[in-house]
Number of protein chains: 2
Amino acid sequence: MSDTPLPRAERRRRTERRILDAARALFAEVGFERTTIRAVARTAEVDPALVMQYFGSKQELFRRAAQVAPPPEAGLDADELVEHLLGTLDRKIGDLPQGSLAMMRSMLTHPEAAASAREVLGRQIDRLAESIPGEDARLRAALMTVIMLGVTVGHQLLELDELRAVPQEEIARLLRPSLRALASPEAS
Amino acid sequence: MSDTPLPRAERRRRTERRILDAARALFAEVGFERTTIRAVARTAEVDPALVMQYFGSKQELFRRAAQVAPPPEAGLDADELVEHLLGTLDRKIGDLPQGSLAMMRSMLTHPEAAASAREVLGRQIDRLAESIPGEDARLRAALMTVIMLGVTVGHQLLELDELRAVPQEEIARLLRPSLRALASPEAS
DNA sequence: TCGTTGAGTCAACGGGCGTTGAGCGAATTG
DNA sequence: CAATTCGCTCAACGCCCGTTGACTCAACGA
């Protein structure tokens, strides 16, 4: 068997990664307060003291683990914007979204997560508002944003059967007119 | 001064109420995990042991404090339904809504709160679906529900400036077409 | 080969938590 | 007025948490 004992630096990197992965999964699953350093360490098969040694504090570990997806780029028209938002719906698995879930899971109870969520949503609102005409662009942008927030919370965090039972395209199809109504102001 | 020493039963009732009010406020503000029996007792100006004596456990205290608003009645048509939903937007202050906030604040991190939220939202989806024609009524109802959820979370819990800055009627006005698009299926 | 580094462990700390049981003293009851 | 009830407090319990400092030992560099 290939038992090259692995160089020290590589071992270190892998261990840190394992801790970060474990933290991400736990933060995403049960949120900041119910995730313990001890549980993270156990999952990563490591001593709790090592988690502290690498990340300094639980708060800092959370900061490193809970990363959020970047907001959409500027310079889209209203329809492109809607499609971009709907496109974000399907990112369920993988690395970055797991971090986003951790952030969202904790945003109602952990102050720092709330601050971060506000900042990210604020940036998304800014981007959206640039592409929406009219006086109340910011409010419309905010509503589009919280609509997506609600769908995500209901789907990913509360795991509502009604949303989980159908493919993402079906949700996107039904949601499209609602978002369009907000993206392009006109007589209804 | 009127120093009628208050009958025992009355004192008891008032104390229990004070505890319940304190619990509601704290659960609504920081959620289940960060709310401590000791803090509730301090706020209600009472000994922590008394809270236990009256409510048995922190979990049971939460159950009593975090009550949710009843779902809409059945038998409305689509437009009435939309108006009913929009009407629920303004309940910011008062007693029952404080309980709802407590529930919502904790639903992403406290399992029992999550279960309760799922149940309440499920009932609301049921009610809405009854009044919506078409094959995908339940999915449409679910989307209307999570849209309102998103607005409420953004407004009441995350306290997004963009939503707090405008009167509730303005939000209702902009949201109405989006909800109508889901409530009454037709070619867009 | 041998001293040095550094990844990883171990045992313990101080503190806050939910919870409990004994007790006090004023309102109630006969 | 004596006996009893009961609202309420006090002091403590065991537990788990985040965090720390001393330690072990294999990989490394000279």
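Source: prediction; values computed, not measured.
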Using whole Å, what does the distance between atom [atom2] of nucleotide [N] and atom [atom1] of [X] come to?
X: K58(A); N: dG18(D); atom1: NZ; atom2: P; value: 5 Å
X: R34(B); N: dG18(C); atom1: CZ; atom2: P; value: 13 Å
X: F55(A); N: dG18(D); atom1: CZ; atom2: P; value: 15 Å
X: R13(A); N: dG8(C); atom1: CZ; atom2: P; value: 12 Å
X: I37(A); N: dA11(C); atom1: CD1; atom2: P; value: 20 Å
X: E33(B); N: dG18(C); atom1: CD; atom2: C1'; value: 14 Å
X: E60(A); N: dT19(D); atom1: CD; atom2: P; value: 11 Å
X: E10(B); N: dG7(D); atom1: CD; atom2: C1'; value: 14 Å

Open item on the list: Does Y54(B) reach a base, just sugar-phosphate, or nothing at all? Heavy atoms under 4.0 Å.
Closed with: sugar-phosphate
Task: Whichever of Q53(A) and S57(A) has its nearest DNA chain D nucleotide further upstream toward 5' - done: S57(A)
Task: Below 4.0 Å: OP1/OP2 of dT19(D) and any side-chain N or O of R38(A) - done: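 False: R38(A) side-chain N/O out of range (4.0 Å or more) of dT19(D) OP1/OP2.
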Task: T15(B) side chain near dC8(D) phosphate (N/O to OP1/OP2, under 4.0 Å) - done: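 Affirmative; the distance criterion is met.
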- [ ] Measure the acute angle between the ring planes of F32(B) and F27(B), then classify it against the limits of 30° and 60° as parallel, tilted or perpendicular.
- [x] parallel
As a test of reading the structure: which of [options] is closest to the side chain of [X], going by heavy atoms?
X: R8(B); options: dC10(D), dT5(D), dG18(D); result: dT5(D)
X: A49(A); options: dC10(C), dA7(C), dC17(D); result: dC10(C)
X: D47(A); options: dC17(D), dC8(D), dC10(C); result: dC10(C)
X: R11(A); options: dG8(C), dT20(D), dG18(C); result: dG8(C)

TODO: Determine, for R63(B) against E112(B), whether the closest basic-nitrogen to carboxylate-oxygen distance falls under 4.0 angstrom.
DONE: yes
Open item on the list: Do the side chains of E159(A) and R118(B) get close enough for a salt bridge, i.e. N-O under 4.0 angstrom?
Closed with: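 Not counted as a salt bridge, because no side-chain N and carboxylate O are separated by less than 4.0 Å.
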Task: First of P48(B) and A9(A) reached from the 5' end of DNA chain C, by closest nucleotide - done: A9(A)
Open item on the list: Is it true that E33(B) and T109(B) share a donor-acceptor pair across their side chains at a distance under 3.5 Å?
Closed with: yes
Open item on the list: Could you tell me if H110(B) and Q59(B) have a donor-acceptor pair between their side chains, going purely by distance under 3.5 Å?
Closed with: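 Checked: Q59(B)/H110(B) side chains pair up, N/O donor to acceptor below 3.5 Å.
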